[in-house]
**Q** 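I'd like to ask some things about the structure below.
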Amino acid sequence: MPAQPAAASSTPKPAYSPGLEGVIAGESAICAIDSEAGLRYRGYDIYDLATQATFPEIVYLLIHGELPNKQQLADLQQQIGKERTLPDQVLQMLRLLAKSTHPMDALRTGVSMLAGWDPELNDHSHDANVRKAIRIISKVGNITCAFQRLTEGKDPIQPRGEFGTAANFLWMLEGKEPEEWRVKVMDTLFVLYAEHDFNASTFAARTTVSTLSDMYAGVTSAIGALRGPLHGGANEEAMKMFVDVGTPDKAEKWIKDRLARKEKIMGFGHRVYKHGDSRSKVLHKVCDDLGKRLGQTHWVKIGEALEATMEKEKGLFSNADLYAAPVFHMLNIPTDLNTPIFACARSAGWCSHIIEQHDHNRIIRPRSLYTGVGPRQYKSLNSR
Ligand code: COA
């Protein structure tokens, strides 16, 4: 006798929100973003942090919940300095990657590979997770710079323990001591990109480790999620737009043509901020100051023309990725490193969220709204 289809479940369906818009998916004490009030890390306004704090202070703040005193900061800097060196095998692996590999994929592979060297990989206690976080945050810049140099046919450079994160990054990329003003701008980028609540990559990290998987798996997932142009990849695409637009007078037509074709304009729009992204305002000023210093004032003018058109045409505002793009460019950073640098900074946020997730874990397991065919009977292979 043929089996009867199962009766439909009488369990009530939870509310559905496409793209999880407006859904509160967990609790966090790390970061608050508000459409009106802007962005705060552990209660501190992003403008104050971006203009006054350094990235290592932010790492400490995100992980421990409070700003460090001088001794705590010195201890952290020392730990970071010691943890930067990569296992030789990871450097060998980077040499083996296809030359066409995107640096985000190299970073993703490198972080995944590092898991095997961490003696505390499967210890998810708070203290072990804090130690792993420092190891990961210390090494991501090294992977990024080493791979970049290898693709340029140069040898990787040994990290300098006495340098802060931004200075060491520029040192490892270029092999010369960076000027103070370049270090300051780079540090500001690191601070601004360090954390942003339950964005797609952070949520990917939290989802991964909510299965009690490890921190390296969480950061690897996050790097994969960040790479896409609707998330971190937007800062790479935004630079292509600036170059393509070329001059401020061409911005309006450039935007209108693409909007007419229903294309997304990179560096604009945000799921949470509907009246502008507070990080964008800081980066606009950095872009303006840098343009004046370097005689490249056209970038900020192109950005302003793009912003004016997007506000008029779509009522949309720029996000952090718009002005970050020409800022990276003026620092002589190759454009395909824009997103990996974002990832290096965001590793601080990801690791903080992973620690928080493991400290109060419940597996993240949402439901889907089934839209497929209804119950039907299986037909044997011969009768199909
Ligand atoms: N360019 C053109 N139109 C955009 C847009 C953009 N950058 N961002 C949003 N819109 C439009 C959408 O097409 C949609 O219009 P419609 O209602 O006429 O269909 C409306 O604004 C709402 O956008 P939606 O895609 O629903 O917003 P979202 O919250 O799902 O997506 C982003 C948010 C960030 C993914 C989206 O704004 C985007 O793709 N931005 C460009 C990529 C980017 O800069 N990402 C970095 C984010 S920090």
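By convention here, the first residue in the shown sequence is residue 1. Just so it is clear, the values below take in all heavy atoms, side chains as well, and ignore hydrogens, waters and symmetry mates.
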**Q** Met113 and Met215: same hydrophobic cluster, using ILVMFWY side-chain contacts below 4.5 Å?
**A** yes
**Q** Is there side-chain contact between Asp214 and Asp118, with heavy atoms separated by less than 4.5 Å?
**A** no
**Q** Hey, does Ile265 have a side-chain heavy atom less than 4.5 Å from the side chain of Lys314?
**A** no
**Q** Apply side-chain contact (heavy atoms from CB on, under 4.5 Å) to Arg160 and Glu177, showing your working.
**A** CA-CA 10 Å; Arg160 294 266 293 262; Glu177 294 214 6; 2.9 Å; yes
**Q** Write down the atom of Tyr273, the atom of Gly276, and the distance for their closest heavy-atom approach.
**A** CB-O, 3.4 Å
**Q** With clusters built from Ile, Leu, Val, Met, Phe, Trp and Tyr whose side-chain heavy atoms come within less than 4.5 Å, directly or transitively, what are the remaining members of the cluster of Val373, listed by chain and number?
**A** Tyr370
**Q** Between the side chains of Arg261 and Asp257, is the shortest nitrogen-to-carboxylate-oxygen separation below 4.0 Å, so that they form an ion pair?
**A** no
**Q** Which distance, rounded to the nearest 0.5 Å, do you find between the CZ of Arg84 and the NZ of Lys139?
**A** 11.0 Å
**Q** When you compare the side chain of Thr335 with that of Phe328, does any pair of heavy atoms fall below 4.5 Å?
**A** no
**Q** Step by step, would you call Val140 with Val111 a side-chain contact (heavy atoms from CB on, under 4.5 Å)?
**A** CA-CA 7 Å; Val140 281; Val111 168; 3.9 Å; yes
**Q** Evaluate the side-chain proximity of Trp254 to Thr309: yes if any heavy-atom separation is below 4.5 Å, no if none is.
**A** no
**Q** Between Thr85 and Asn142, which heavy-atom pair has the shortest distance, and what is it?
**A** CA-ND2, 4.0 Å
**Q** May I ask you to check whether Asn319 and His270 show a side-chain donor-acceptor distance below 3.5 Å?
**A** no
**Q** Tell me if the NZ atom of Lys253 is crowded by more than 12 foreign heavy atoms within 6.0 Å.
**A** no
**Q** Minimum heavy-atom separation for Leu91 to Leu150, with atom names?
**A** O-CD1, 4.3 Å
**Q** For Glu27, is the CD atom crowded, meaning more than 12 foreign heavy atoms sit under 6.0 Å from it?
**A** no
**Q** Could you report the tightest heavy-atom contact between Pro56 and Gln77, atom names first, then the distance?
**A** CG-OE1, 3.5 Å
**Q** In terms of heavy-atom contacts, does CD1 of Ile24 have more than 12 from other residues, nucleotides or ligands at under 6.0 Å?
**A** no
**Q** Tell me yes or no: between the side chains of Asn382 and Ser380, is some donor less than 3.5 Å from an acceptor?
**A** no
**Q** Establish, from distance only, whether the side-chain atoms of Asn129 and Lys132 form a donor-acceptor pair under 3.5 Å.
**A** yes
**Q** Does a side-chain N-to-carboxylate-O contact under 4.0 Å join Arg182 and Glu174?
**A** yes
**Q** Under a 4.0 Å N-O cut-off, is there an ion pair linking Lys285 with Asp289?
**A** yes
**Q** Parallel, tilted or perpendicular, judged at 30° and 60°: which one describes the rings of Tyr193 and Phe342?
**A** parallel
**Q** With no hydrogens and no angle check, just 3.5 Å: does a side-chain donor-acceptor pair link Asp249 and Thr247?
**A** yes
**Q** Find out if a path of hydrophobic residues (ILVMFWY) with successive side-chain heavy-atom gaps under 4.5 Å connects Ile255 to Leu230.
**A** no
**Q** Determine whether more than 12 heavy atoms belonging to other residues, nucleotides or ligands lie under 6.0 Å from atom CZ of Arg362.
**A** no
**Q** So, taking the atom named CZ in Arg131 and the one named NE2 in His126, what distance separates them when rounded to the nearest 0.5 Å?
**A** 10.0 Å
**Q** With sequence neighbours left out, write down each residue that passes salt bridge (charged side-chain N to carboxylate O under 4.0 Å, His left out) with Glu304, or none if nothing qualifies.
**A** none
**Q** So, do Thr202 and Asp197 sit near enough that their side-chain heavy atoms are less than 4.5 Å apart?
**A** no
**Q** Work out which heavy atom in Ser318 is nearest to a heavy atom in Leu322; give both atom names and the distance.
**A** CB-CD2, 3.6 Å
**Q** For Asp336 and Pro103, work out which heavy atoms get closest and say how close.
**A** O-CG, 3.2 Å
**Q** Salt bridge or not for Asp244 and Arg258, using N-O below 4.0 Å?
**A** yes
**Q** Residues in side-chain contact (heavy atoms from CB on, under 4.5 Å) with Ala32, at least two apart?
**A** none
**Q** Walk me through it: do Val327 and Trp299 pass the test side-chain contact (heavy atoms from CB on, under 4.5 Å)?
**A** CA-CA 9 Å; Val327 169; Trp299 297 122; over 6 Å; no
**Q** Please answer: with hydrophobic residues joined when any side-chain heavy atoms are less than 4.5 Å apart, are Met172 and Leu86 in the same cluster?
**A** no
**Q** Are Val272 and Met266 in one and the same hydrophobic cluster, where Ile, Leu, Val, Met, Phe, Trp and Tyr link if side-chain heavy atoms are under 4.5 Å apart?
**A** no
**Q** Quick test of your reading of the model: are Asp105 and Arg227 salt-bridged, counting only N-O distances below 4.0 Å?
**A** yes
**Q** Taking the side chain as everything from C-beta on, heavy atoms only, tell me whether Phe268 gets closer than 4.5 Å to Leu306.
**A** yes
**Q** Are any of the side-chain nitrogens in Lys240 or Glu237 under 4.0 Å away from the carboxylate oxygens of its partner?
**A** yes
**Q** Taking only residues two or more places apart in sequence or in another chain, which ones pass salt bridge (charged side-chain N to carboxylate O under 4.0 Å, His left out) with Asp277?
**A** Arg279
**Q** For residues Leu290 and Leu173: do they belong to one hydrophobic cluster (side chain heavy atoms under 4.5 Å, members Ile, Leu, Val, Met, Phe, Trp, Tyr)?
**A** yes
**Q** May I have the step-by-step check of side-chain contact (heavy atoms from CB on, under 4.5 Å) for His231 and Ser201, ending in yes or no?
**A** CA-CA 8 Å; His231 191 8; Ser201 58; 2.9 Å; yes
**Q** Hey, does Phe147 have a side-chain heavy atom less than 4.5 Å from the side chain of Thr109?
**A** no
**Q** Do Thr339 and Leu226 have side-chain heavy atoms sitting under 4.5 Å apart?
**A** yes
**Q** Between CG of Leu283 and OG1 of Thr188, what distance do you get to the nearest 0.5 Å?
**A** 8.5 Å
**Q** Please table the atom pairs, donor to acceptor, closer than 3.5 Å between any side-chain atom in residues 62-69 and protein atoms at least two apart or in another chain.
**A**
residue: Asn69; atom: OD1; partner: Gln71; partner atom: N; Å: 3.1
residue: Asn69; atom: OD1; partner: Gln72; partner atom: N; Å: 2.8

**Q** Looking at NE2 of His102 and CG of Leu337, how far apart are the two atoms once the value is rounded to the nearest 0.5 Å?
**A** 8.0 Å
**Q** Please collect all side-chain hydrogen bond (donor to acceptor under 3.5 Å, both in side chains) contacts where either partner lies in residues 31-50, sequence neighbours excluded, each pair once.
**A** Glu36-His275
